[in-house]
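Taking it in order: structure first as structure tokens, then the write-up.
Every heavy atom of this structure was used, including side-chain atoms; hydrogens, water molecules and symmetry mates were not. Residues take their numbers from the sequence shown, with the count starting at 1.
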Amino acid sequence: MSRNDAAPGTVNAPPSRLRRLLSLLYVQCLIGVLAGAAVGWLWPSFGADLKPLGDGFIALVRMMIAPVIFCTVVHGIASMGNARAVGRVSLKALIYFEVLTTVAMVIGLVVVNVVQPGSGLHVDPSTLSTKGLPPEATASHDSVAAFVLSTIPDTLLSALTGHEILPVLLVSVLFGFGLNAAGEAGAGITQGIEKLSKILFTLIRWIMRLAPIGAFGSMAFTIGNYGLDTLRHLFLLVGSFWLTALFFVLVVLGAVMRFNGLRLLPFLRYIKEELLIVLGTSSSEPVLPRLMAKLQHAGASKPVVGITLPAGYSFNLDGTAIYLTMGSVFLAQALGIDLSLTQQLSMLAIMLLTSKGAAGVTGSGFIALAATLSAVPHVPVAALALIFGIDRFMSEARALTSVVGNSVATLAVAKWEGQLDEERVKAVLSGALPFTAGPEGDHTPEPQAEPTPDAKPDGVEETDPKTATGTDREPVPVAG
């Protein structure tokens with residue numbers, strides 16, 4: 001008997017408030033984070049052994065990232081109908097990335113020089129050793145040319161089986177242009193890729209239900225393995241870094257949102273589930289597919305989301321940018337090395353290169369810092385041993401800042417390209433159009449061709465944006 005067929009006189013009680021709250025993913029993730037922290041604190045050895053729970057969840061999501069990016073970018077470009085517009089989106093995104101990461105580094109440089117968290121430690125450089133550091137930190141690092149060449153995969157399919165985002169993005173853009181140029185011959189493949197993307201997002205939706213378990217395992221490992229005592233000695237560095245990251249998000253990214261007619265706090269509420277997943281796993285990588293779906297749901301077109309967000313994971317790591325300047329100058333202060341303004345600016349210039357390509361996986365910021373120190377003669381790489389124990393506690397702030405920064409960048413680029421449905425995004429952020437758990441209930445605007453003053457894109461009829469509804473929009477698979 002269905003709810004509507006209940007016998008006369010009976011009342012179906014609505015779910016209790018607690019039950020509704022517990023059914024929300026962000027509440028489940030919050031419980032997982034808190035429970036993991038408690039387990040790691042009370043039973044450190046047991047908590048450290050729970051690391052496979054977090055690693056397994058991240059691995060499950062990571063295996064979906066390459067095909068999701070491929071399908072989203074290829075279908076977006078193939079249906080966009082204008083190669084020049086794709087190039088324009090990419091150029092605007094890269095310029096934005098470079099400006100914002102520079103601002104983040106300058107803010108970190110100012111804070112670490114004002115607060116001086118490393119002053120007074122008086123560490124003897126001769127007592128430092130690279131023993132105990134991860135092998136990646138002491139390995140030789142690629143040149144700029146090698147980094148550029150690494151974005152080209154060995155084969156077309158090998159990009160989809162690797163762990164790097166940039167090769168996937170390169171292959172996806174080329175394949176999308178190829179389908180676009182093929183005309184009718186590529187139409188069937190384009191439709192097939194769209195259907196495949198719906199299947200992929202359904203799988204992601206299932207995997208994301210394991211996020212609370214992954215957050216529980218990762219947080220239990222962090223607290224159990226490193227302990228809260230390690231924070232006591234370097235609390236000033238950790239605290240000042242978190243506050244600097246918070247300042248960057250609220251002030252700098254808040255200003256970017258205001259400039260584009262949007263507000264940051266409603267947007268943070270909109271992506272709260274993703275932020276809690278990042279907090280629990282210390283990695284921004286697991287939320288990439290879900291963020292792509294949410295940004296499309298908010299009114300940004302597929303091509304802009306598909307190009308800007310994945311590229312931001314390599315070129316717009318704002319949290320890592322702050323960490324690099326604060327970490328390197330802190331180590332110099334701890335060793336009693338007096339860096340001049342010229343030396344600090346030269347390090348900043350090197351960081352603009354070493355920060356690129358550091359994927360959103362756990363610990364990538366630490367490796368980027370090692371690459372920076374190995375490229376400059378001022379601070380020995382062995383000094384990394386001073387902050388290795390607390391790096392995990394700063395990893396969450398790095399990942400959270402970068403996730404918010406890349407999401408804001410995507411909305412900004414979409415707005416500048418005229419490919420952001422402003423009425424829809426305001427309705428979504430106000431809660432009037434909630435993000436749904438399945439492809440049937442979600443819609444997003446069709447990708448737009450390059451606008452011209454006197455012409456509209458082919459196949460698009462003139463409509464009044466104030467009276468348009470979601471029924472004429474392309475359904476987008478989403479993760480819930």
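The minimum heavy-atom distance linking A37 with M219 is given by the pair N-CG, 3.5 Å. I223 approaches G40 most closely through the heavy-atom pair CG2-C, 3.6 Å. Across all non-hydrogen atoms, the minimal contact from G405 to D318 is CA-OD2, 3.5 Å. The shortest heavy-atom contact between V428 and A298 is CG2-CA, 4.0 Å. In terms of heavy-atom proximity, L200 sits nearest to C71 at CD1-SG, 3.8 Å. Contact detail for A412 and V256: the closest heavy-atom pair is CB-CG1, 4.2 Å.
For the pair N260 and L420, the minimum side-chain heavy-atom distance is 4.5 Å or more. With a 4.5 Å cut-off on side-chain heavy atoms, W242 and L246 do not count as touching. Residues D421 and V425 are not in side-chain contact: their nearest non-hydrogen atoms beyond the backbone lie 4.5 Å or more apart. By the 4.5 Å heavy-atom criterion applied to side chains, V168 and P310 are not counted as neighbours. Counting only heavy atoms from C-beta outward, the side chains of L291 and S407 approach each other to under 4.5 Å.
No donor-acceptor pair under 3.5 Å is formed between the side chain of K294 and the backbone N or O of F435. Side chain of S402 to backbone of G319: a donor-acceptor contact under 3.5 angstrom is found. In this structure, the side chain of T308 does not engage the main chain of V305 through any donor-acceptor pair within 3.5 Å. A side-chain donor-acceptor contact under 3.5 Å links R424 to the backbone of H297. Using modelled atom types, one side-chain atom of K272 and one backbone atom of R269 make a donor-acceptor pair closer than 3.5 Å. The main-chain N or O of A215 is never found under 3.5 Å from a side-chain atom of S218 such that the two would form a donor-acceptor pair.
Annotation: the span from Q419 atom CD to K302 atom NZ amounts to 13.0 Å, rounded to 0.5 Å. Expressed to the nearest 0.5 Å, how far CZ of F267 lies from CG of L295 amounts to 5.0 Å. Note that the OH atom of Y96 and the OG1 atom of T101 stand 10.0 Å from one another [nearest 0.5 Å]. How far CG of L203 is from CG of L60: 10.5 Å, rounded to the nearest 0.5 Å. Separation of atoms CG (L348) and CG (L324) is listed at 9.5 Å; rounding is to 0.5 Å. One finds the CG atom of L210 at 10.5 Å from the CD1 atom of I277 (value rounded to the nearest 0.5 Å).
In this structure, F241 and Y323 have perpendicular ring planes: the angle between them is above 60°, well past the 30° mark.
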Please determine whether side chain to side chain contact (heavy atoms under 4.5 Å, CB included) holds for the pair V408 and M257, giving the CA-CA distance in whole Å, both sets of side-chain angles, and the decisive distance to 0.1 Å. CA-CA 7 Å; V408 170; M257 291 288 280; 3.9 Å; yes
Step by step, would you call I322 with F248 a side chain to side chain contact (heavy atoms under 4.5 Å, CB included)? CA-CA 9 Å; I322 298 172; F248 178 83; 3.9 Å; yes
Report the C-alpha separation of L265 and Y270 in whole Å, then their side-chain angles, then the decisive distance to 0.1 Å, and conclude whether the side chain to side chain contact (heavy atoms under 4.5 Å, CB included) test is met. CA-CA 9 Å; L265 293 182; Y270 177 59; over 6 Å; no
Should F57 and I207 be marked as a side chain to side chain contact (heavy atoms under 4.5 Å, CB included) after you check the CA-CA gap, both sets of side-chain angles, and the distance that decides it? CA-CA 8 Å; F57 170 70; I207 293 173; 4.2 Å; yes
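Remark: K426 engages no residue in a salt bridge (Lys or Arg N to Asp or Glu O under 4.0 Å) (not counting sequence neighbours).
A side chain to side chain donor-acceptor pair (under 3.5 Å) check over residues 48-57, counting only residues at least two apart or in different chains, returns the pairs K51-D55.
Each of V278, L279, I271 was compared with L275 under the side chain to side chain contact (heavy atoms under 4.5 Å, CB included) criterion, and only I271 meets it.
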